[in-house]
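Below: the structure, in structure tokens.
Every chain is numbered from 1, with letters handed out A, B, ... down the list of sequences. Since this is a predicted model, take the numbers as computed values, not measurements.
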Number of protein chains: 2
Amino acid sequence: MISSIPSKTVFHAIERTIKQYRKFAQKNISNAVNDITIDQAMVLAFLEKHPDLTQKEIAALVFKDNASMTRMINLMVTKKQLTRSINTLNRRRFNLEITLKGKQVLEKLGPIVQDNRKKALDGVTEEELIQLESILEKIASNCK
Amino acid sequence: MISSIPSKTVFHAIERTIKQYRKFAQKNISNAVNDITIDQAMVLAFLEKHPDLTQKEIAALVFKDNASMTRMINLMVTKKQLTRSINTLNRRRFNLEITLKGKQVLEKLGPIVQDNRKKALDGVTEEELIQLESILEKIASNCK
DNA sequence: TGATAATAATTGATATATCAACTATATTTG
DNA sequence: CAAATATAGTTGATATATCAATTATTATCA
């Protein structure tokens, strides 16, 4: 007996919101660039800012596990968005490098990603954003 | 060039929060009941409240597509949490029924789910909850 | 009524999620 | 230094996500 039905909880609202945003963003991305997912785009974006990230670190940044990241990066390598080479200083790691094609994807995606975020947050005030982040942070840290 | 890095956005915070909650909740559920996922538990909970739901309707309630729902329910049937029989009034549909085993799972899960929600929302005021839902709703509806 | 369209569910293909077991390399420590 | 540990990544197994195509049934409408 689960007295309060799941659809009435705030967790349901959180889930709904992020899924809706992902669908919306993915649709707009797919209209501009072929064959790239939001998560792959995020991997590229993180690597652009921090070229020395390991697979494990990227996985943590996009909330995935190492196994998923291995497979995602395999795909991105076969799609020529990334290259992978052994790091000679620590042979357990890989150097990941964004290819020219990957850079072009990032270039095209930039304005679209910005626009997605802007549209999704239309009518949300700066103050609300701060509240939102602070409440979410509270919940997340309760779940540790 | 994606100027604002994904980890700084509110979407990242939303994603992080829901994933953290799911992990937390799944862990507590797994400690009490073997071999059930959060989503399966939600399917049971929805069916308990609304026994006439179709697979399609349940899918919408838990934000999954029909294909995923078909496979999930197949599994739940082989795990004897549900039975599936043809609806004679509309032979495209199925009647889904919670088995005794499924009911026992719900029984055990009830207090755990309640406790999960309570712990996750510890220190979050009623007002904050209302704000949270209203901001999330705004974002979700921007993404339609 | 018969052709057409809509609906509920399934299936196939491919990607991703998750856990556990494993490999290879690097670090620690007794 | 050698043995034990830790770390980065891979692989296998199974479940789920997603899209498109398909089946079976029901509803529409010309």
Among the candidates D:dT10, D:dC19, C:dT10, find the nucleotide nearest to the side-chain atoms of B:Ala67. D:dC19

Between P of C:dA26 and CG of A:Asn87, the distance in whole Å: 9 Å

I need the NZ-P distance between B:Lys27 and C:dA17, as an integer number of Å. 21 Å

Can B:Gln55 and B:Arg84 be counted as having a side-chain donor-acceptor contact under 3.5 angstrom? yes

Is any N or O donor-acceptor pair between the side chain of A:Arg93 and the base of D:dT10 shorter than 3.5 Å? no

Would you confirm whether B:Lys79, through its side chain, and B:Asp35, through its main-chain N or O, come within 3.5 Å as a donor-acceptor pair? yes

Can you find a donor-acceptor N/O pair under 3.5 angstrom joining the side chain of B:Arg91 to the base of D:dT23? no

If you check every side-chain atom of A:Gln55, which of D:dG9, D:dT16, C:dT16 has the closest atom? D:dG9

Using a heavy-atom cut-off of under 4.0 Å over every strand shown, decide if A:Thr54 touches base, sugar-phosphate, or nothing. sugar-phosphate

Are side-chain N/O atoms of A:Gln26 and A:Ser30 paired as donor and acceptor at under 3.5 Å? yes

Specify the residue among A:Lys23 and A:Glu57 whose closest nucleotide of DNA chain D lies further upstream toward the 5′ end. A:Glu57

Taking the side chain from B:Thr99 and the backbone from B:Gln81, do they hold a donor-acceptor pair closer than 3.5 Å? yes

Nearest whole angstrom, please: distance from the P of D:dA13 to the CG of A:Asp65. 17 Å

May I have the distance from B:Ile86 (atom CD1) to D:dT23 (atom P), rounded to whole angstrom? 18 Å

Whole-Å distance separating the CD atom of A:Gln26 from the C1' atom of D:dT18: 10 Å

Contact under 4.0 Å: B:Lys56 side-chain N or O vs C:dA8 OP1/OP2: yes

Have a look at B:Asn90 and say if it touches a base, only the backbone sugar-phosphate, or nothing, with a 4.0 Å heavy-atom cut-off. sugar-phosphate

When the nearest nucleotide of DNA chain C is assigned to A:Gln40 and to B:Asn66 on a heavy-atom basis, which residue is associated with the more 5' position? B:Asn66

Can you tell me how far C1' of C:dT11 sits from CG of B:Leu75, to the nearest Å? 16 Å

Examine distances only and state if a side-chain atom of B:Asn142 and a backbone atom of A:Asp122 form a donor-acceptor pair shorter than 3.5 Å. yes

Distance in angstrom units between A:Leu53 CG and D:dG9 C1', rounded: 15 Å

On DNA chain C, check which nucleotide each of A:Met69 and A:Arg92 is closest to and give me the residue with the more 5' one. A:Met69

NA contact type, B:Arg22, heavy-atom cut-off 4.0 Å: base, sugar-phosphate, or nothing? nothing

OP1 or OP2 of D:dT10 under 4.0 Å from side-chain N/O of A:Thr70: yes

Can you label the angle between the B:His12 ring and the A:Phe63 ring as parallel, tilted or perpendicular, going by 30° and 60°? tilted

Taking D:dG9, C:dA8, D:dT11 as options, the one with an atom nearest any side-chain atom of A:Arg71 is D:dT11

If you assign B:Thr88 and A:Lys19 each to the DNA chain D nucleotide with the nearest heavy atom, which residue ends up on the more 5' nucleotide? A:Lys19

